[in-house]
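One structure is given here, and the rest of the page talks about it.
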Amino acid sequence: MSKPETSLMDRLTALCKRRGFIFQASEIYGGLNGFWDFGPLGVQLKNNLRDAWWHDMVDCPPLGPDGKPLSIVGIDTSIIQHPKTWIASGHVAGFADLMVDCRESKKRYRADHIKVYTVGYSTPKGVGAWSLGVLEGDDAELQVLKRAKKLVQKQGGGDVRIDSSKPDTLTDIWERHEDIYGPDAENPGTLTEPRAFNLMFHSYSGVFQNEDSKVYLRPETAQGIFLQYKNVLDSTRVKPPFGIAQVGKSFRNEVTPRNFIFRSREFEQMEMEFFCAPEDGMMWYEFWVGERLRWWEAQGVSKDNLFRHVIADADLSHYSKGTSDIEYRYPFTAPGFGELEGVAYRTDYDLKQHQEHSKTNLEYIDQENNRRYVPHVVEPASGLTRGVLVLLCEAYQYDESRASPEWLKLKPSLAPIKVGIFPLMNKDGMPEVAEKLYMDLRRTYTCQYDAKQSIGKRYARMDEAGTPFCITIDGDTLTNQTVTIRNRDTAQQEKVALDKVRAYLAERLSA
RNA sequence: GCGGGUGUAGCUUAGUGGUAAAGCUCCAGCCUUCCAAGCUGGCUAUGAGGGUUCGAUUCCCUUCACCCGCUCCA
């Protein structure tokens with residue numbers, strides 16, 4: 001396997017465009033940062049991955065530790081929910097803060113965390129005052145003096161003293177920004193204007209656009225599940241432990257969309273919230289981490305490229321008692337890993353927040369044990385968009401010895417096209433037989449009929465699409481009723497009787 | 001958001017202050033008995049906007065997108 005000059009991601013991106021997996025959104029207008037469209041093959045692949053997840057999560061969930069199937073139901077909630085949802089979840093408050101960037105140190109600060117001290121100095125060259133910005137903290141004054149002394153040294157020595165009895169907050173005295181030193185800057189005036197960095201998209205519901213009608217596009221699908229948890233409980237006869245699963249679009253105003261579809265501003269999530277008794281939280285957390293790792297392997301992702309990243313206690317969100325990221329070795333993170341799915345033990349934080357903000361009791365009444373509690377939640381939240389990227393990265397093969405050096409080794413059940421059907425030649429009755437076979441197989445499998453150009457080109461096209469099997473109707477079909485089935489992975493061909501084709505495919509294409 | 005880089009056809013590349021070139025892909029037809037074969041023909045490009053100029057793909061400015069590093073990733 002020789003390696004071409006261009007990077008793997010560049011080649012994969014080019015293949016995705018060439019074959020219709022993924023296009024840049026609004027390409028004819030120059031593109032739009034952070035948005036991508038799925039083409040005909042891409043949407044098939046994405047739907048196949050989504051359906052596999054739904055099947056293994058909702059229709060046929062894994063067995064629990066007791067050997068009995070888990071109880072998980074589906075839901076599909078609105079992208080736009082009551083604005084209070086995001087106040088309760090913490091998404092509004094956490095991102096309302098104004099931020100400033102420092103052009104010199106390249107650091108970003110919360111504007112209200114920068115305290116500005118006025119420091120008078122007297123040196124042989126003269127007297128004056130500096131406005132020194134420093135991050136608020138116990139030793140802020142100490143830091144200010146230290147930096148002032150440094151500045152004085154540069155001017156040949158002298159005295160400094162803090163003039164301000166109380167420091168100003170940067171946001172209050174922003175008009176003086178040209179004189180202000182950033183916390184890590186050696187020159188004044190390097191801070192950018194304070195800006196809000198809310199990661200949520202917003203819009204207005206109704207014709208009047210004002211603060212009262214402001215709504216948000218969900219930054220995660222999870223909250224919709226929490227909001228309907230009680231309705232599901234009351235209408236479905238489920239009881240803890242049970243799960244609610246959802247697949248859908250989410251939106252985040254990412255600061256830096258990057259790496260193809262890895263970090264985009266509109267993306268799709270597959271999330272499941274698993275509700276359980278408080279004392280069982282950690283057990284289910286471990287259960288789901290193992291289960292989800294196993295699942296990704298079952299989709300054809302090699303074990304070596306998957307990694308469980310246990311979030312250190314110090315880095316955990318305030319509401320989480322344990323979080324593990326399931327990471328994948330993407331070409332752009334290699335030899336390191338990047339997130340694919342997060343499994344978080346969120347405790348009862350979300351339900352309690354919504355209980356408080358909505359003033360609705362969200363307790364579960366456990367009549368068997370005569371107690372009531374707000375369930376704890378374990379959340380396996382995975383990126384469907386990222387999943388597609390992982391499948392593509394994992395499937396991409398480069399082999400100079402093949403007629404089509406680039407090909408996709410997708411798991412057959414996930415491949416966008418399952419079977420290519422070709423008449424070897426466009427005459428002698430072959431197209432008629434091929435079309436008949438196509439009309440039969442397409443009822444069961446996603447098939448593509450192709451009679452154009454040489455047989456080699458047709459195989460090559462199917463290789464790039466990741467189609468696992470190609471069936472060719474040849475001269476023998478007309479005399480012996482056999483077809484040639486060509487295997488994508490081995491490029492080997494075998495003769496199969498026409499009436500055995502369905503059985504052949506069924507055996508190899510079942511999940 | 002900061003810094004650096006890159007933008008010519010679907011892809012890979014050429015070229016020029018004066019009609020934008022080629023190979024592969026793709027499409028049509030012919031041919032063709034299994035891996036991008038051959039023949040003929042065809043479609044398609046200077047990211048966008050502005051400026052300088054008689055004339056800009058080329059020079060200048062702005063903007064957009066993509067790539068790399070930083071930052072961010074609740």
Side-chain angles (χ1 to χ4, degrees), chain A residues 4-7 9-11 13-20 23-36 86 89-97 99-109 190-195 197-200 219-220 222 252-260 262-265 267 315-320 323 325 332 338-339 342 344 383 401-407 422-428 430 452-464 470-479 483-488 491-495:
Chain A
E5 293 285 310
T6 44
S7 79
M9 279 311 291
D10 285 347
R11 281 177 283 135
T13 309
L15 188 151
C16 282
K17 181 178 181 181
R18 185 166 69 244
R19 287 298 165 211
F23 306 126
Q24 193 178 16
S26 307
E27 193 188 61
I28 63 170
Y29 285 110
L32 187 60
N33 192 307
F35 296 89
W36 299 88
W86 311 110
S89 70
H91 288 91
V92 171
F95 292 93
D97 308 312
M99 308 291 285
V100 294
D101 289 306
C102 176
R103 293 191 188 89
E104 184 184 313
S105 68
K106 310 294 182 205
K107 290 193 174 170
R108 174 170 294 164
Y109 315 93
T190 61
L191 294 176
T192 62
E193 194 170 346
R195 287 168 293 217
F197 276 83
N198 197 310
L199 265 64
M200 278 194 292
E220 62 177 26
R252 297 182 195 178
N253 245 323
E254 295 289 355
V255 177
T256 314
R258 202 58 83 78
N259 293 320
F260 202 25
F262 177 74
R263 176 169 294 123
S264 47
R265 290 185 167 138
F267 57 101
D315 298 333
L316 285 176
S317 310
H318 55 286
Y319 54 74
S320 178
T323 300
D325 285 345
F332 47 83
E339 189 182 345
S401 71
R402 289 171 70 113
S404 56
E406 290 182 297
W407 59 289
F422 318 143
L424 182 59
M425 285 184 306
N426 225 354
K427 60 178 187 183
D428 296 341
M430 293 182 199
K452 296 291 173 63
Q453 299 172 313
S454 71
I455 192 77
K457 283 193 184 185
R458 286 178 262 169
Y459 285 148
R461 273 197 285 267
M462 286 296 104
D463 273 354
E464 286 196 338
C470 292
I471 303 178
T472 300
I473 280 55
D474 51 33
D476 292 344
T477 312
L478 306 172
T479 53
V483 296
T484 304
I485 301 187
R486 182 259 197 184
N487 183 299
R488 174 197 67 193
Q492 296 298 307
Q493 311 184 111
E494 57 183 304
K495 293 278 183 184

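Lettering of chains follows the sequences in order, A, B, ..., and the numbering in each one begins at 1.
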Task: Complement of B:U6, any strand, by Watson-Crick or G-U distances under 3.5 angstrom - done: B:A65
TODO: Answer with base, sugar-phosphate or nothing: what part of the nucleic acid does A:Arg402 contact at a heavy-atom distance below 4.0 Å?
DONE: nothing
Task: Atom pair CD1/CZ of A:Ile471 and A:Arg486 - distance to nearest 0.5 Å - done: 13.0 Å
Open item on the list: When you measure from the side-chain N and O atoms of A:Asn33 to the phosphate of B:C64, is any distance below 4.0 Å, counting only OP1 and OP2?
Closed with: no
What's touching nucleotides 43-48 of chain B from the protein side, N or O pairs under 3.5 Å?
none

Task: Pairing partner (Watson-Crick or G-U wobble, both distances under 3.5 angstrom) of B:C34 - done: none
Open item on the list: Quick check for you: to the nearest 0.5 Å, what is the distance between A:Asp315 atom CG and A:Thr323 atom OG1?
Closed with: 10.5 Å
- [ ] Report yes if a donor N or O on one partner sits less than 3.5 Å from an acceptor N or O on the other, where the partners are the side chain of A:Arg486 and the base of B:C35; otherwise report no.
- [x] yes
Task: Whole-Å P distance, B:U52 and B:U58 - done: 15 Å
Task: Spacing between A:Arg11 atom CZ and B:U12 atom P, to the nearest angstrom - done: 12 Å
Task: Distance, rounded to the nearest Å, where A:Asn253 contributes CG and B:G1 contributes C1' - done: 13 Å
TODO: Measure from the side chain of A:Arg263, starting at C-beta and using heavy atoms only, and say which of B:U25, B:C11, B:C72 lies closest.
DONE: B:C72
TODO: Pick the P atom in B:U8 and in B:A48, then give their distance to the nearest Å.
DONE: 11 Å
Task: side-chain hydrogen bond (donor to acceptor under 3.5 Å, both in side chains) against A:Glu254, all qualifying residues, sequence neighbours excluded - done: none
TODO: Go through the steps to decide whether A:Met9 and A:Phe262 satisfy the test side-chain contact (heavy atoms from CB on, under 4.5 Å), and finish with yes or no.
DONE: CA-CA 11 Å; A:Met9 279 311 291; A:Phe262 177 74; over 6 Å; no
Open item on the list: Rounding to an integer number of angstrom, what distance separates B:C64 and B:U44 when you compare their P atoms?
Closed with: 31 Å
TODO: Could you check which nucleotide pairs with B:G29 in any of the strands shown, counting Watson-Crick or G-U wobble with both distances under 3.5 Å?
DONE: B:C39
Open item on the list: Run the side-chain hydrogen bond (donor to acceptor under 3.5 Å, both in side chains) test against A:Arg458 and tell me which residues pass, sequence neighbours left out.
Closed with: none
TODO: Would you indicate whether the side-chain heavy atoms of A:Arg19 and A:Arg461 approach each other to under 4.5 Å?
DONE: yes
Open item on the list: For a quick check of understanding: with a heavy-atom distance under 4.0 Å over all strands, which category does A:Phe23 fall into, base, sugar-phosphate or nothing?
Closed with: nothing
Task: Spacing of A:Thr13 atom OG1 and A:Asp10 atom CG [to the nearest 0.5 Å] - done: 6.0 Å
Task: Under 4.0 angstrom between A:Arg461 side-chain N/O and B:U25 OP1 or OP2 - done: no
TODO: Using a 4.0 Å heavy-atom cut-off across all strands, classify A:Ala14 as base, sugar-phosphate, or nothing.
DONE: nothing
Open item on the list: Between B:C2 and B:U71, how many Å separate the two P atoms, rounded to a whole number?
Closed with: 16 Å
- [ ] Find out whether A:Arg252 and A:Arg263 are in side-chain contact, i.e. whether some heavy atom of one side chain is under 4.5 Å from a heavy atom of the other.
- [x] no
- [ ] Name the closest nucleotide to the A:Val255 side chain, picking from B:C73, B:C34, B:C72.
- [x] B:C72
Task: Pairwise C1' distance for B:U46 and B:A37, with rounding to whole Å - done: 34 Å
TODO: Using a cut-off of strictly less than 4.0 Å, decide whether A:Lys452 has a side-chain nitrogen or oxygen near OP1 or OP2 of B:C26.
DONE: no
Close N/O contacts between protein and nucleotides 30-32 of chain B (under 3.5 Å):
{"residue": "B:U32", "atom": "OP2", "partner": "A:Lys427", "partner atom": "NZ", "Å": "3.3"}

- [ ] In whole angstrom, give the distance that lies between atom NZ of A:Lys457 and atom P of B:A37.
- [x] 4 Å
Task: Residues which pass side-chain hydrogen bond (donor to acceptor under 3.5 Å, both in side chains) with A:Ser264, listed by chain and number, not counting sequence neighbours - done: none
- [ ] Both distances under 3.5 Å, Watson-Crick or G-U wobble: report the partner of B:U53, or none.
- [x] none
Task: Under 3.5 Å donor-acceptor pair, A:Glu406 side-chain atoms to B:A36 base atoms - done: no
Task: B:A22 and B:G29, which share atom name C1', separated by this distance in whole Å - done: 24 Å
Task: Assigned partner base of B:U19, Watson-Crick or wobble definition, under 3.5 Å - done: none
Task: d(CZ, A:Phe422; C1', B:U33) in whole Å - done: 16 Å
TODO: Applying side-chain contact (heavy atoms from CB on, under 4.5 Å), run through A:Met462 and A:Phe422 and close with a yes or a no.
DONE: CA-CA 11 Å; A:Met462 286 296 104; A:Phe422 318 143; 3.7 Å; yes
Task: Distance in Å, A:Thr472 OG1 paired with A:Ile455 CD1, rounded so as to fall on 0.5 Å steps - done: 4.0 Å
TODO: Send over the distance from A:Asp474 CG to B:U33 P, rounded to a whole Å.
DONE: 12 Å
Open item on the list: If you only use heavy atoms from C-beta on, which nucleotide in B:G10, B:A36, B:U33 is closest to the side chain of A:Asp428?
Closed with: B:U33
TODO: Mind checking side-chain hydrogen bond (donor to acceptor under 3.5 Å, both in side chains) for A:Arg18 and listing every partner two or more places apart, or none if nothing turns up?
DONE: A:Glu406, A:Glu464
Task: Rounded interatomic separation in angstrom, taking CZ from A:Arg258 and P from B:C67 - done: 7 Å
TODO: Assign A:Ser317 to base, sugar-phosphate, or nothing according to its heavy-atom contacts below 4.0 angstrom with the strands shown.
DONE: sugar-phosphate
TODO: For A:Gln24, answer base if it contacts any base atom (sugar-phosphate contacts may also be present), sugar-phosphate if it contacts only those atoms, and nothing otherwise; contact means non-hydrogen atoms under 4.0 Å.
DONE: sugar-phosphate
- [ ] Determine the Euclidean distance between corresponding P atoms of B:G42 and B:U33; express it in Å to zero decimal places.
- [x] 28 Å
Task: Whole-Å C1' distance, B:C61 and B:C68 - done: 26 Å
Open item on the list: Using a 4.0 Å heavy-atom cut-off, does A:Arg488 contact any base of the nucleic acid, only the sugar-phosphate backbone, or nothing at all?
Closed with: nothing
Open item on the list: Without decimals, in angstroms, what is the distance between A:Leu199 CG and B:U71 P?
Closed with: 17 Å
Open item on the list: Quick check on B:C66: is either OP1 or OP2 less than 4.0 Å from any side-chain nitrogen or oxygen of A:Asn259?
Closed with: no
TODO: Rounded off to whole Å, could you give me the CZ-to-P distance for the A:Phe267 and B:C73 pair?
DONE: 14 Å
Task: Polar side-chain contact A:Thr256-B:C72 base: donor and acceptor under 3.5 Å - done: no
Open item on the list: Once rounded to the nearest 0.5 Å, what's the spacing between atom NZ of A:Lys457 and atom NZ of A:Lys452?
Closed with: 12.5 Å
